[in-house]
Amino acid sequence: MYSEMLRIRMIEEELVRRYSEQEMRCPVHFSIGQEAVAVGVCQALGKKDSVLSGHRSHAHYLAKGGDLKRMVCELYGKAAGCAGGKGGSMHLIDRSVNFLGSTSIVAGTIPVAVGVAFANKLKKSSAVVVMFFGDAATEEGLFYESANFAAVHRLPILFVCENNLYSVYSPLEVRQSPLRKNHLLAESLGIESNGGLDGNYAPSIYEAVKKSLDFIHSEEGPCFLEFNTYRWLEHCGASYDNDIGYRTAAEFQTWKQKDPLENLWKKIKTQQGCDEFKETQEKNFQSEISRAINFAKEAPFPKKQALNEDVYANQGKQ
Ligand SMILES: Cc1ncc(C[n+]2csc(CCOP(=O)(O)OP(=O)(O)O)c2C)c(N)n1
Ligand SMILES: [Mg+2]
C-alpha cells in the first residue's frame, strides 16, 4: 500500500511540476493528500471488479491499475491517450483493468456505475462496482435516484464518498446542515452505510472495504462508505491556494500532519530493509514517470478525422 501511494504521489508531483510548461492544456484536479482512499479501496478489489470516478480521478485510475503512459498522453491531449487525447484529465478510462471511466459532471458517473452493477446482477456475475465521488456529489439529485435504484434492486455496488470538506471553495457548513450525515442519507434509502471513517490510513480503509465486499457478495445489497480526507492543492490546478482565504492555514496544517504517505511510512519504516526498499522504489518510479512524460511529449496529436470517433467503444475493442 505504501509503495502504491508513493507511486501515485510521485506521478502527481511530477505532473504538478510540468503543468506550468503549458503543454497539458486540460484542467487538472490533483488527489495529493487523498491517496489512501484510492489505494485502500482498490487493493481490496479483484481485477474483474469495476471502478468509476469523477473529476478527481488520477489516483483511482492508477490504483485500479490504469496504464500510466496512456493517462499522461491523455493529459497532454495526445492520440495515444486513454480517451484518444480528446478528454483530458477528467475523462480517464482503462477497460483492460475495468476502470470504466470518469467524467467531469459532478455525480454524472453515479447512474452509469449503478447501471453496470445492474448488468452484473442480471448476468449473475460476482463482480462488484465501486463508485468514487466527493462530498458534493451527495447533494445532487442523481445521487439519490441512483442510490435508491441500487437499494431497491439490491445491486452489487459500493459507493465510496471522499469527504474532503469542500466543494471548490464552499465548505460543508454552507452546503449541508450541521445535523446531516451523508452516510445516514444512504442508510435511509436502505443501503448498508458507514461514515466518519479515517480516509488517511490505507490499511483501515482496506479493512472497511473488505467488510463491505463480504456484505455485497452475500447478496445483501449495496454499501456506502464515507471517508474523511483533505486535498492539499487548489481545487483545480497545480498551485496551493491557501492565501485566498476560503480555508485557514491552521486547518491545512492539521491535515498535512495526517499525510497518508508519511504516516504509513512512520509505521513501517522500522522493518528490516525498508529504507532500501523505499530508495529502489523511488528510483524505479522516477524513471517510469520520466519515460511516460517523454513519450507523451513526443507523441502525435489526434488526427482531425478522429474527432467523431467513439473513444469509449474503441477502448472495448483493444
Ligand atoms: C453538476 C455539476 N455542477 C457543478 C460542477 C462544477 N464543479 C466541478 S468540481 C465541483 C466540486 C465537487 O466537489 P466534490 O464532489 O466534493 O469533489 P472534490 O472536488 O472536493 O474532490 C464543482 C461544483 C460540475 N462539474 N458539475
Ligand atoms: Mg469535496
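Atoms within each ligand, like the ligands themselves, are counted from 1 in listed order. The shown structure was predicted, so the numbers you read here are calculated from the model rather than taken from an experiment.
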At under 4.0 Å between heavy atoms, which part of D135 makes contact with ligand 1: side chain, backbone, both or neither?
both

Once side chain to side chain donor-acceptor pair (under 3.5 Å) is applied, do any residues pair with S89, and if so which ones, sequence neighbours excluded?
H58

Report yes or no: is the cationic atom of K64 (NZ for Lys, CZ for Arg) under 6.0 Å from the centre of the six-membered ring of F99, at an angle within 45° of the ring normal?
no

Do you know how many protein N, O or S atoms are within a distance smaller than 2.8 Å of the Mg ion (ligand 2)?
3

Are F149 and F118, when compared by the centres of their aromatic rings, separated by less than 6.0 Å?
yes

Test side-chain hydrogen bond (donor to acceptor under 3.5 Å, both in side chains) applied to R70 and S96, step by step
CA-CA 12 Å; R70 303 194 70 196; S96 70; over 6 Å; no

Using a 4.0 Å heavy-atom cut-off, say whether A107 meets ligand 1 through its side chain, its backbone, both or neither.
neither

Once you restrict to heavy atoms under 4.0 Å, what part of F133 touches ligand 1? Side chain, backbone, both or neither.
neither

Using side-chain heavy atoms (C-beta onward) and a distance below 4.5 Å, is N163 in contact with F227?
no

May I ask you to list the atoms of ligand 1 that are less than 4.0 angstrom from any heavy atom of I105?
1 (C), 26 (N)

Checking heavy atoms under 4.0 Å, the part of H55 that sits near ligand 1 is side chain

With a 4.0 Å heavy-atom cut-off (strictly under), which part of H29 contacts ligand 1: side chain, backbone, both or neither?
neither

Can you measure from CH2 (W255) to CG (L165) and round to the nearest 0.5 angstrom?
6.0 Å

